[in-house]
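Each remark here refers to the structure printed beneath this line.
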Amino acid sequence: MKIIRAEHLGMCFGVKNAIALALETARREPLTILGDLVHNETVLMELRSRGIGLEQNAAAVATRTVLITAHGASEHRLNGVRQRGLNVLEATCRLVHVAHRSLTKLVAEGYHPVIIGKRDHVEVRGMTEDLAEFDVVLSEEDVTNLRERSCFGVIAQTTQPIDRVRQLVGLIHEKFPESEVRFIDTVCQPTKQRQNAAIELAQKCDVAIVIGGAHSNNTHELVKTCSRFCLRVHHIQTADNLREEWFVRAETVGITAGTSTPDAVIHGVELWLKNFAARLAVHSNQTKEAYDLAFPVA
Ligand code: SF4
């Protein structure tokens, strides 16, 4: 059984920087992170073990300093936190800032804002909470429900697959041929690299293993992408979730991971697979030897 890794996988620089800022700050002073810094339980457990508080609501924060996650937040939310007398540290990824600025620019130029993404995702809420009017779309049906405007300004949640984003932008053009549709591509480069690498990987393997948190949007997107090219795809959070029966007659097993999956977790999965492959190889050699003994060539 051969094990291959996607060319690009695992934690992106935005998540790494956010974790580094949280750990560095927590060494100096008590810290609470507002919201999930990443959608990965392994990372969150590690942060808790360092004494870092994790809260979803500013009212529950017991420290002077709070950290805003890599997903970013709206000005409205940031001001609310500041008004409680808390020091706000922003770990917002610079590519999320790019998406916020693109949206602000489109609105300032008079475009009706449309965000391609998940309405209830923290990053999308951060983009939309300051807007008086906006639409969030993620499906053909959502586009069908859009009201006609003279000009649409479209951006995307940073972790959406770019082919879906382009398809939806095309549908907006089709549905409103008289309207101006201006699209700014805000899907981040690490997401594009991981998506493209997942396509290449899934085409080459019999089983694809996607590692990432149960609530990680970009991990779910990797699962969907791999499933288009590979029939046996499994989403796991750690090596403990792997099952030997998944690899029956699998010659090539591919590994990919979402942008919040730590390297140590990926390494643990790879190690489990290598050990399993080594046991399989020993077993198949023993079977061959027994066969040769039972049926020697005349
Ligand atoms: S997924 Fe992209 S936008 Fe989000 S933190 Fe990582 S690099 Fe930044």
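Each ligand, and each atom within it, is numbered from 1 in the order the structure gives. For this chain, numbers begin at 1 and follow the sequence in order.
- With respect to the salt-bridge test (charged N to carboxylate O, under 4.0 angstrom), the residues E29 and R64 do not qualify.
- Any protein N/O/S atom under 2.8 Å from atom 6 (Fe) of ligand 1 was counted, giving 1 altogether.
- Scored by the side chain to side chain donor-acceptor pair (under 3.5 Å) test, N241 finds no partners at all (sequence neighbours excluded).
- Using a 4.5 Å heavy-atom threshold, the side chains of R149 and E133 count as touching.
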How far apart are the C-alpha atoms of E41 and R48, what are their side-chain angles, what is the distance that settles it, and do they pass the salt bridge (charged side-chain N to carboxylate O under 4.0 Å, His left out) test? CA-CA 10 Å; E41 197 44 45; R48 279 191 208 101; 3.2 Å; yes
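- No single ILVMFWY cluster, assembled from side-chain heavy atoms under 4.5 Å apart, contains both V165 and V98.
- Side-chain atoms of N218 never come within 3.5 Å of backbone atoms of T159 as a donor-acceptor pair (strictly under, hydrogens ignored).
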